[in-house]
Novice: 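Before anything else, here's the structure in question.
Keep in mind the model is a prediction, meaning the values are calculated, not measured.
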Amino acid sequence: MALVRFVSLPMPLSGRQSSLRQSSLRQRSPLTLLVMTFFVLSVVGCAPRTQPVYQPGAQNSQTTTPSGRPHRSLDQAMHAAVSGLLDSQPLQSSPVTLVQPIQNLSNHYFPTQTYSEQLKAGLVSAGRITPVPDTRVQAVRQSLGLAQNQALVDPSTIVQYGRMLGAEYQLSGKITAGSPYHLRLQLMDLHSGVIAWQGVETFVSE
């Protein structure tokens with residue numbers, strides 16, 4: 001094989017209660033559901049630093065850029081980035097999406113593992129993506145000899161890996177150092193290898 005580069009059930013509701021509950025749920029927007037889920041998880045951790053998984057955006061890609069003053073925290077930057085992501089065209093059809101851990105490429109601690117888990121859980125809960133089953137991911141990574149936290153860096157290999165998983169898109173992100181810090185989220189089309197959407201937000205350290 002060619003060497004691959006990797007840098008208790010609820011009580012029944014009455015008819016009226018059920019109707020009121022369904023009406024309430026319909027009034028909640030996907031963004032509201034995502035924000036609610038985003039803060040449910042409370043596990044604190046930090047993803048290992050690895051090389052970024054990015055390819056230059058295509059001419060037809062959708063890009064959002066930061067404007068005005070930097071956000072006062074990573075939380076605010078994530079909210080802004082996720083809001084832009086939810087408005088992106090690909091996520092209107094709940095595509096099968098591989099969500100990669102957000103990478104911390106700065107010299108400052110940020111709980112990127114927590115944010116990565118919350119982002120994936122929120123998108124799934126809001127019905128905006130269909131996740132790749134973990135068992136499928138583990139099987140494919142094992143077949144390729146990938147360690148748990150290794151990331152792909154070669155665009156063509158990323159596309160090949162995504163196709164083996166049956167994914168349509170890959171969502172990845174990174175935090176880079178600077179004054180201010182930069183948070184970038186990126187959605188890659190695994191059929192063409194181009195960037196379908198990307199968003200950049202700036203923030204200062206808490």
Side-chain angles (χ1 to χ4, degrees), residues 7 28-58 61-92 95 97-129 131 149-153 155 158 169-189 194-206:
V7 248
R28 295 182 181 178
S29 67
L31 178 58
T32 300
L33 290 173
L34 179 58
V35 171
M36 290 172 63
T37 306
F38 193 81
F39 290 100
V40 169
L41 302 178
S42 58
V43 180
V44 177
C46 183
R49 298 180 184 181
T50 56
Q51 293 188 353
V53 185
Y54 296 103
Q55 176 188 7
S61 66
Q62 179 182 354
T63 304
T64 60
T65 56
S67 60
R69 300 178 59 182
H71 298 286
R72 292 178 295 177
S73 67
L74 175 55
D75 272 359
Q76 293 184 355
M78 280 295 299
H79 276 293
V82 170
S83 179
L85 175 62
L86 289 174
D87 288 336
S88 67
Q89 191 279 329
L91 263 60
Q92 307 309 307
T97 304
L98 174 65
V99 181
Q100 296 282 25
I102 296 172
Q103 302 168 63
N104 182 9
L105 304 180
S106 74
N107 57 358
H108 184 84
Y109 168 79
F110 294 107
T112 50
Q113 180 178 330
T114 301
Y115 283 105
S116 301
E117 293 170 351
Q118 293 174 338
L119 176 59
K120 179 180 179 180
L123 291 172
V124 172
S125 177
R128 305 310 291 270
I129 67 169
N149 294 316
Q150 280 184 290
L152 301 128
V153 295
I158 294 173
Y169 292 91
Q170 173 182 272
L171 175 61
S172 54
K174 67 177 179 179
I175 297 172
T176 53
S179 182
Y181 292 93
H182 282 68
L183 166 69
R184 182 187 299 271
L185 295 183
Q186 207 166 62
L187 194 63
M188 175 186 283
D189 185 329
V194 302
I195 302 305
W197 174 89
Q198 63 179 341
V200 181
E201 298 293 337
T202 61
F203 67 98
V204 293
S205 178
E206 298 172 312

Novice: Determine whether Leu105 and Ile175 satisfy the following criterion, side-chain contact (heavy atoms from CB on, under 4.5 Å), listing intermediate values before the conclusion.
Specialist: CA-CA 6 Å; Leu105 304 180; Ile175 297 172; over 6 Å; no
Novice: Can you find a pair of side-chain heavy atoms, one from Leu183 and one from Thr202, that are under 4.5 Å apart?
Specialist: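 SC-SC contact between Leu183 and Thr202 ruled out.
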Novice: Is there a donor-acceptor contact under 3.5 Å from the side chain of Arg128 to the main chain of Leu123?
Specialist: no
Novice: Do you know which two heavy atoms are closest between Ser116 and Ile102, and how far apart they sit?
Specialist: OG-N, 2.7 Å
Novice: What is the distance from atom NE2 of His79 to atom CG of Leu74, rounded to the nearest 0.5 Å?
Specialist: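 With rounding to 0.5 Å, NE2 (His79) is 10.0 Å from CG (Leu74).
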Novice: Measure the CD-OG1 distance between Gln103 and Thr176 for me, rounded to the nearest 0.5 Å.
Specialist: 11.0 Å
Novice: For the pair Tyr181 and Phe203, name the ring-plane relationship: parallel under 30°, tilted 30 to 60°, perpendicular over 60°.
Specialist: parallel
Novice: Looking at every heavy atom in both Pro90 and Ala196, which two are closest together, and how far apart are they?
Specialist: CG-CB, 3.9 Å
Novice: Rounded to the nearest 0.5 Å, how far does CE of Met188 lie from CD of Gln198?
Specialist: 10.5 Å
Novice: Hey, are the side chains of Gln170 and Thr97 touching, using non-hydrogen atoms and a 4.5 Å cut-off?
Specialist: no
Novice: Go through Asn104 and Ser106 one step at a time and tell me if the side chain to side chain donor-acceptor pair (under 3.5 Å) criterion holds.
Specialist: CA-CA 6 Å; Asn104 182 9; Ser106 74; 2.7 Å; yes
Novice: Please report the shortest heavy-atom distance between Leu86 and Gln92, naming the atom on each side.
Specialist: O-NE2, 2.9 Å
Novice: Is any side-chain heavy atom of Trp197 closer than 4.5 Å to a side-chain heavy atom of Leu185?
Specialist: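 In short, these two side chains touch, coming nearer than 4.5 Å.
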Novice: What's the separation between atom CE in Met78 and atom OG1 in Thr112, rounded to the nearest 0.5 Å?
Specialist: 10.5 Å
Novice: Is there side-chain contact between Leu171 and Leu85, with heavy atoms separated by less than 4.5 Å?
Specialist: yes
Novice: Considering only heavy atoms from C-beta outward, does the side chain of Pro131 approach that of Lys120 to under 4.5 Å?
Specialist: yes
Novice: If you compare all heavy atoms of Glu201 against all heavy atoms of Ala77, which two are closest, and at what distance to 0.1 Å?
Specialist: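 Closest approach of Glu201 to Ala77: CG-O, 3.6 Å.
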Novice: Determine whether the side chains of His108 and Ser205 contain a donor N or O and an acceptor N or O closer than 3.5 Å.
Specialist: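 Present: a donor and an acceptor within the cut-off.
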Novice: Could you check whether any side-chain N or O of Ser83 sits under 3.5 Å from a backbone N or O of Ala81, counting only pairs where one atom can act as donor and the other as acceptor?
Specialist: no
Novice: Do the non-hydrogen side-chain atoms of Val99 and Ile129 ever get within less than 4.5 Å of each other?
Specialist: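 The answer is yes; the side chains approach within 4.5 Å.
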